[in-house]
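Here the structure comes first, spelled out in structure tokens, and everything after it is commentary.
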2 protein chains.
Amino acid sequence: MQIKFKLWLEENGGVAFAEGRRMLLEAVDRLGSLNAAAKELGMSYRAAWGKIKATEKALGIRLLDVTTGGKGGGGATLTAEARELILKYKKFSDRMTSLMEKEFRHIFVSTKQ
Amino acid sequence: MQIKFKLWLEENGGVAFAEGRRMLLEAVDRLGSLNAAAKELGMSYRAAWGKIKATEKALGIRLLDVTTGGKGGGGATLTAEARELILKYKKFSDRMTSLMEKEFRHIFVSTKQ
DNA sequence: TCACATTATGCCTTAAACGACATAACGATG
DNA sequence: CATCGTTATGTCGTTTAAGGCATAATGTGA
């Protein structure tokens, strides 16, 4: 038996940000393009773009600075708000994962009764 | 912006227990019948029974002692294993909820940068 | 032995999340 | 000014999970 959990940020009852979107943004940061990031994560550009837009709408911030045209057709880079969001989310998520496992062991494994 | 999370116990990759099943078992304990418990939670008997069975199969334990016939048609009461599971789950869940909110405030609200 | 309220279970329908397809717009570069 | 690879977006199909319908089985009490 093992514990699993999923956490996400909400705004007005809708999912605003979670693990998948964090990975997506990190890939964009690394690759300089939303299209390339989507490919790397094995999802369609359409799906990736939709998630970004959903977060932008929910939180009322822009996540990407985009350009079209030029050598390579264009690209996308992270805004300062996006970087801050990633940082905080990662910090929070890592901390929760650690606490979760520790508490789980404490209550479900070592504890008798 | 607020944090949300869902946690559940898994066994062999399948959901074994989570909040909904805890509420269901607690209702059975209070009402003495799975049918009555399902009604109270606004779900069909079929759905409630299916969840109980799924947990029993996943964890390899019995959750309910059942009888049929007699005054009232029968009923169900919790096994000792069911009570233990509820207790541990509640303890764990409550602790996580508390930690989650505290950490969330710490990282997303009060922290600057 | 009949009635009744419960447990027990197969099966089909429906809802909703998710991703894919198609198509437009953009604009620096050559 | 044509090309190319990107961003942008509506729409539609598919898969999967959740729930409901129908029906059997149980066994005590009247």
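These figures come from a predicted structure and were not determined experimentally. In the text below, chain A, chain B and the rest are named by the order of the sequence lines, each starting its count at 1. Basis for what follows: all heavy atoms, side chains included, without hydrogens, waters or symmetry-related copies.
Taking for each of A/Met43 and B/Thr67 the nucleotide of DNA chain C with the nearest heavy atom, the 5'-most of the two is the partner of B/Thr67. Both A/Gly73 and B/Asn35 sit near DNA chain C, but only B/Asn35 has its closest nucleotide nearer the 5' end. Residues B/Arg46 and A/Ala36 both approach DNA chain D. Their nearest nucleotides, taken by heavy-atom distance, put A/Ala36 toward the 5′ side.
Rounded to a whole Å, the OH atom of A/Tyr45 is 18 Å from the P atom of C/dA22. To the nearest angstrom, C1' of C/dT7 lies 12 Å from CD of B/Glu56. Between A/Leu31 atom CG and D/dT6 atom C1' the separation is 14 Å, expressed in whole Å. Distance B/Lys57 NZ to C/dT9 C1': 13 Å, rounded to the nearest Å. For the pair B/Ile52 CD1 and D/dA18 P, the computed distance is 15 Å after rounding to whole Å. Rounded to whole Å, atom P of C/dA8 lies 18 Å from atom NZ of B/Lys51. Atom CG in A/Leu34 sits about 13 Å away from atom C1' in D/dT9, given to the nearest Å. In this structure, B/Leu64 places its CG atom 15 Å from P of C/dT6, rounding to the nearest Å.
A sub-4.0 Å separation between OP1 or OP2 of D/dG20 and a side-chain N or O of B/Ser44 is present. Considering only side-chain N and O atoms, B/Trp49 lies under 4.0 angstrom from the phosphate OP1 or OP2 of C/dA8. In this model, the phosphate group of C/dA8 is not approached by any side-chain N or O of B/Thr68 to a distance below 4.0 Å at OP1 or OP2.
Minimum atom distance to the side chain of B/Lys71 is reached by D/dG29, of the listed C/dT7, C/dG19, D/dG29.
Few gaps surround CZ on A/Arg22; more than 12 heavy atoms of other groups in view lie less than 6.0 Å from it.
The nearest pair of heavy atoms linking B/Leu34 to B/Trp49 is CD2-CA, 3.9 Å. Closest approach of B/Leu59 and B/Ala16 over heavy atoms only: CD2-CB, 3.6 Å.
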**Report entry** Full working for side chain to side chain contact (heavy atoms under 4.5 Å, CB included) between A/Phe92 and A/Leu7
**Finding:** CA-CA 10 Å; A/Phe92 181 68; A/Leu7 55 86; 4.1 Å; yes
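Defined by atom type and a distance below 3.5 Å, a donor-acceptor pair is present between the side-chain atoms of B/Thr55 and B/Arg21.
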